[in-house]
Amino acid sequence: MGEIPGARAELDRLGGALRAQLVELISELTPGTGLDLLFLDEPTVVDWHEPLKYRYSTDFRGARAAEVGAAEVARLGAGRLAAAGWTVSQAPEADGSGTVVTGTRDGMSIEIRVAEHVPNVLFSGRTPAMALFTPSFEWPAPVRTPENLTPGYVLCYECDGLGRCPECGGRGWLPDEAAGRVKCPECLGRRVCPICRDAGELAISQLQPFQRGYYPELGKRPE
Ligand SMILES: [Zn+2]
Ligand SMILES: [Zn+2]
């Protein structure tokens, strides 16, 4: 896989900006909340179609001070975001349980959720999803060929010497239109040929009778 020049640095920059903005909001709207659980350390894959898309995201829960109402927290949050250059909107939750303030900037989004009947304030932040690598996959070379076969062995009938899983080529997954990737049904993600387990060859002396059937040149097993 080839790294896309500058992509990781740009995503890290956005992740850092997102974190700084969240820290500011959390400190102001839910003072005294520890930030130990604000995880924004590594981008994660959010779209498994090639090329994979990564983003930083987090959900964080704080509690507003008892004397500050939910509407006031929403107002403060919206004001703070707007002052920092975010495009801000505010709407009631679909189920009527509270208010959600949404801010967007540079493809990032932050949501602040408040409700009158609970002191919790929920913060979520997302960077845009970005490709970091260009996909590149080369079908592996077989580990065994007629030229380097061990004496007394035959090429594996399942993978023909490949050793790696002959269905997925050793990636452990197959491309899938809906999910992006699905676990390879042949190797179940183990990457190697389920018959020879990466050997590419099988010892003639240990072939099961049904396996000998794949090699008519061996003839019938001597009784
Ligand atoms: Zn095999
Ligand atoms: Zn496979």
Side-chain angles (χ1 to χ4, degrees), residues 1-15 18 39-59 107-109 124-223:
M1 293 213 293
E3 251 179 72
I4 297 173
R8 179 63 195 256
E10 172 64 5
L11 186 59
D12 286 351
R13 186 188 71 75
L14 290 168
L18 181 68
F39 296 123
L40 269 171
D41 305 331
E42 275 296 317
T44 52
V45 177
V46 291
D47 183 347
W48 289 91
H49 293 85
E50 298 284 341
L52 303 187
K53 309 283 191 317
Y54 295 75
R55 78 171 163 213
Y56 287 94
S57 69
T58 189
D59 296 296
M108 298 182 285
S109 70
S124 343
R126 315 260 177 276
T127 67
M130 291 176 55
L132 301 182
F133 307 95
T134 46
S136 59
F137 172 67
E138 279 178 32
W139 196 259
V143 293
R144 292 291 166 186
T145 63
E147 286 69 47
N148 66 6
L149 206 52
T150 306
Y153 283 68
V154 282
L155 285 181
C156 171
Y157 59 87
E158 181 70 9
C159 67
D160 208 26
L162 190 66
R164 308 267 90 190
C165 169
E167 181 70 23
C168 63
R171 288 193 288 189
W173 54 268
L174 298 174
D176 179 73
E177 208 168 303
R181 291 182 179 185
V182 287
K183 188 187 275 188
C184 173
E186 164 131 14
C187 66
L188 304 176
R190 293 187 190 103
R191 298 165 180 264
V192 296
C193 169
I195 302 301
C196 67
R197 297 200 179 85
D198 214 15
E201 60 183 8
L202 300 169
I204 294 171
S205 61
Q206 286 168 29
L207 289 175
Q208 308 281 331
F210 81 92
Q211 292 181 311
R212 279 183 81 91
Y214 289 102
Y215 305 95
E217 70 276 17
L218 296 178
K220 270 199 160 319
R221 191 193 190 110
E223 297 298 332

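All figures in this text were calculated on a predicted structure; none of them were measured in a lab. Indexing begins at 1, ligand by ligand and atom by atom, following the structure's order.
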Checklist entry - Which one of R55, R13, E10 satisfies the side-chain contact (heavy atoms from CB on, under 4.5 Å) criterion with T127? => result R55
Checklist entry - Does T150 offer a backbone N or O that forms a donor-acceptor pair with the side chain of E201 under 3.5 Å? => result yes
Checklist entry - What ring pair (Phe, Tyr, Trp, His ring centres under 6.0 Å) pairs are there with at least one residue in residues 156-194, not counting sequence neighbours? => result Y157-Y214
Item to check | Every N, O or S from the protein that is nearer than 2.8 Å to the Zn ion (ligand 2) | outcome: C165 SG, C168 SG, C184 SG, C187 SG
Item to check | K183 atom NZ, neighbour heavy-atom count above 12 within 6.0 Å | outcome: no
Checklist entry - Should we say atom CD of E217 is surrounded by more than 12 heavy atoms from elsewhere, each under 6.0 Å from it? => result yes
Checklist entry - Honestly, is R171 close enough over F137, meaning NZ or CZ under 6.0 Å from the six-membered ring centre and within 45° of the axis? => result yes
Item to check | Angle subtended at the Zn ion (ligand 1) by SG of C193 and SG of C196, nearest 10° | outcome: 110°
